[in-house]
Protein chains: 2
Amino acid sequence: MLTIGKLGTSTGVKVPTIRYYEQIGLLPEAERSAGNQRLYTHKAHERLAFIRHARELGFSLEAIRDLLSLSDDPDQPCAAADAIAKAQLAEVESRLARLTALKTELERMVVQCAGDRISDCRVIEVLGDHSLCVTNHPTIGDAGQ
Amino acid sequence: MLTIGKLGTSTGVKVPTIRYYEQIGLLPEAERSAGNQRLYTHKAHERLAFIRHARELGFSLEAIRDLLSLSDDPDQPCAAADAIAKAQLAEVESRLARLTALKTELERMVVQCAGDRISDCRVIEVLGDHSLCVTNHPTIGDAGQ
DNA sequence: CTTGAACCTATAGTTGCTAGAGGACGTAGA
DNA sequence: TCTACGTCCTCTAGCAACTATAGGTTCAAG
């Protein structure tokens, strides 16, 4: 049986984060010692490691909740888990594409400044005039409330 | 003079977001019509377009606040603006590197499932066992409160 | 002159934590 | 046995950057 601190160090998840996961129901309520301190089994360690790994891969807590409930029921078809992972992959690919475009633009912006005064500054200039921008970005909002 | 709705559609920023930017002081308080509705000048449109463009490039509102105060004062040296942009570029490059690694791993995960039951599901398997993972991720937490 | 879209304020909710206050527990040494 | 210190407990509030909701006003078209 591990204390919350040991569980934290062994999984690489901060103590308040573990309590938070319990609070939102991602982890079951832990057993308690005589003095009311949480005690964790090997199973809990595995579950938390799963969560942590999925978080590293960018899965939302909601997606992880779904994956956990799938893995709790190993006779189910695996299509649902696959779909979640594929959605995640699509997300990552789209973020990747956008970031690559941003990187290009930032590089152009930063290469050098024409002058040494703000009035000649390429950074400010590019940011102020979208038409200087090569890339196509999605809209931030769609206006109208 | 534009209403907030027109300003929103013309810049691609949602109406509540514009009000939010005013509230946190990124945009100056707008003039009001007789009926207390906000009215925007061309200057405000430019400023909001600048903000929006910078947000698209991933700059934080704090960074944008700094850039705006720099551009309000065009005789200052441009080094500070350059530094902000360079920091942003470094950020983007680091996110890009991590995302690329994640993509590889997700692809491996998704390629196909060995079986059609969860118990054989590669997605669940990979997430449950970090040692199946090739890439090096940063820790989510450093444990201990 | 009425309808309905667009506006107003104010407050609360979102995601995924993190930080702080104020106190109890647990263990090692004096 | 005492005491000190690290770890634990609960609870509440805060972070970014918005988004949503409630309940009311204004404005332009028909």
Side-chain angles (χ1 to χ4, degrees), chain A residues 1-27 29-40 44 48 51-68 88 91 95 138-145, chain B residues 1-27 29-40 44 48 51-66 68 88 91 95 137-145:
Chain A
M1 289 298 220
L2 296 167
T3 63
I4 197 170
K6 307 290 180 195
L7 181 66
T9 33
S10 71
T11 54
V13 179
K14 285 185 191 162
V15 166
T17 305
I18 298 173
R19 289 198 277 251
Y20 170 70
Y21 287 164
E22 178 181 310
Q23 188 194 311
I24 63 170
L26 263 196
L27 290 175
E29 293 195 9
E31 272 184 69
R32 297 300 180 113
S33 71
N36 196 36
Q37 305 200 344
R38 287 175 183 81
L39 292 176
Y40 293 94
L48 183 55
I51 294 170
R52 190 217 162 190
H53 196 183
R55 286 296 295 142
E56 280 171 358
L57 291 170
F59 289 86
S60 70
L61 293 184
E62 256 325 285
I64 293 172
R65 202 187 289 278
D66 292 346
L67 287 169
L68 280 169
Q88 185 57 26
E91 253 287 323
R95 274 195 278 162
T139 41
I140 279 188
D142 39 27
Q145 40 169 1
Chain B
M1 289 298 221
L2 296 167
T3 63
I4 198 169
K6 306 290 181 195
L7 181 66
T9 33
S10 70
T11 54
V13 179
K14 285 184 191 163
V15 167
T17 304
I18 298 174
R19 289 198 277 253
Y20 169 71
Y21 287 163
E22 177 181 312
Q23 188 193 310
I24 63 169
L26 262 195
L27 290 176
E29 294 195 9
E31 272 184 70
R32 299 299 181 113
S33 72
N36 196 36
Q37 306 200 344
R38 287 174 183 82
L39 291 176
Y40 294 93
L48 183 54
I51 294 171
R52 192 218 160 190
H53 196 183
R55 286 296 296 142
E56 279 170 357
L57 291 171
F59 289 86
S60 71
L61 294 185
E62 257 324 286
I64 293 171
R65 202 187 287 278
D66 292 347
L68 281 169
Q88 185 56 27
E91 253 289 322
R95 273 195 279 162
H137 303 302
T139 41
I140 280 188
D142 39 28
Q145 37 170 1

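Residue numbers begin at 1 in each chain, while the letters A, B, ... track the order of the sequences.
- Between Phe59(B) and Ile4(A), the one whose closest nucleotide on DNA chain D sits nearer the 5' end is Ile4(A).
- A pairwise comparison of heavy atoms in Val13(B) and Arg52(B) identifies CG2-CG, 3.7 Å as the closest pair.
- The side chain of Val15(B) lies closest to dC7(C) when the candidates are dG16(C), dC7(C), dC8(D).
- Tyr40(B) meets the side chain to side chain contact (heavy atoms under 4.5 Å, CB included) test with Leu2(B), Ile4(B), Leu7(B), Ile18(B), Glu22(B), Ala30(B), Arg38(B), Ala44(B); sequence neighbours excluded.
- In this structure, CG of Leu2(B) is placed 15 Å from C1' of dC7(C), rounded to the nearest angstrom.
- For the atom pair CG (Leu61(A)) and CZ (Arg55(A)), the distance works out to 5.0 Å, reported to the nearest 0.5 Å.
- Whole-Å rounding puts the Tyr20(A) OH to dA19(C) P distance at 15 Å.
- Closest to the side chain of Leu61(B), out of dA17(D), dC7(C), dT18(C), is dA17(D).
- Here the P atom of nucleotide dC18(D) and the CD atom of Glu62(B) are 13 Å apart, to the nearest Å.
- When each of dT19(D), dT18(C), dC9(D) is scored by its nearest atom to the side-chain atoms of Pro16(B), the top-ranked nucleotide is dT19(D).
- The side-chain hydrogen bond (donor to acceptor under 3.5 Å, both in side chains) test applied to Glu29(B) returns no partner, not counting sequence neighbours.
- Between the P atom of dT15(C) and the CD1 atom of Ile64(A) lies a distance of 13 Å, rounded to the nearest Å.
- Taking atom CD of residue Glu22(A) and atom P of nucleotide dC8(D), one finds them 14 Å apart after rounding to whole Å.
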Which atoms of nucleotides 22-26 of chain C (N or O only) lie under 3.5 Å from a protein N or O atom, and what are those distances?
| unit_1 | atom_1 | unit_2 | atom_2 | d |
| --- | --- | --- | --- | --- |
| dG26(C) | OP1 | Gly35(A) | N | 3.4 |

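- At the phosphate of dC17(C), OP1 or OP2 sits under 4.0 Å from a side-chain N or O atom of Arg55(A).
- Scanning all heavy atoms of the two residues, the minimum distance from Lys6(B) to Thr9(B) falls at O-OG1, 3.0 Å.
- For the pair Thr17(B) and dT19(D), the criterion of a side-chain N or O lying under 4.0 Å from OP1 or OP2 is met.
- The CG atom of Leu68(A) sits 5.5 Å away from the CD1 atom of Ile51(A) when rounded to the nearest 0.5 Å.
- Between Arg32(A) and Leu39(A), the closest heavy-atom pair is C-CD1, 4.3 Å.
- With rounding to whole Å, Ile18(A) atom CD1 is found 10 Å from dC9(D) atom P.
- Heavy atoms of Ile24(A) sit nowhere under 4.0 angstrom from any nucleic acid atom.
- Contact annotation: Arg19(B) does not reach the phosphate of dT9(C) (side-chain N/O to OP1 or OP2, under 4.0 Å).
- The shortest distance between the side-chain N/O atoms of Arg32(A) and the OP1/OP2 oxygens of dT10(D) is below 4.0 Å.
- In this structure, CG in Leu26(B) is found 11.5 Å from OG1 in Thr17(B), a value given to the nearest 0.5 Å.
- Rounded to an integer number of Å, the gap from CD of Gln23(A) to P of dT12(D) is 11 Å.
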Every protein N/O lying under 3.5 Å from an N/O of nucleotides 28-30 of chain D:
none

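- How far NZ of Lys14(A) is from OH of Tyr21(A): 11.0 Å, rounded to the nearest 0.5 Å.
- Between Lys14(A) and dT18(C) there is a side-chain polar atom (N or O) within less than 4.0 angstrom of OP1 or OP2.
- Out of dT19(D), dC8(D), dC7(C), the shortest distance to the side chain of Thr3(A) is found at dC8(D).
- The bend of the helix from dC1(C)-dG30(D) to dA30(C)-dT1(D), defined by the angle between the axes of its first five and last five pairs, stands at 10° to the nearest 10°.
- The shortest distance between the side-chain N/O atoms of Tyr21(A) and the OP1/OP2 oxygens of dC17(C) is below 4.0 Å.
- Atoms CG (Leu48(A)) and P (dC17(C)) sit 11 Å apart, rounded to a whole Å.
- The phosphate of dC8(C) (OP1 or OP2) has a side-chain N or O of Arg38(B) nearer than 4.0 angstrom.
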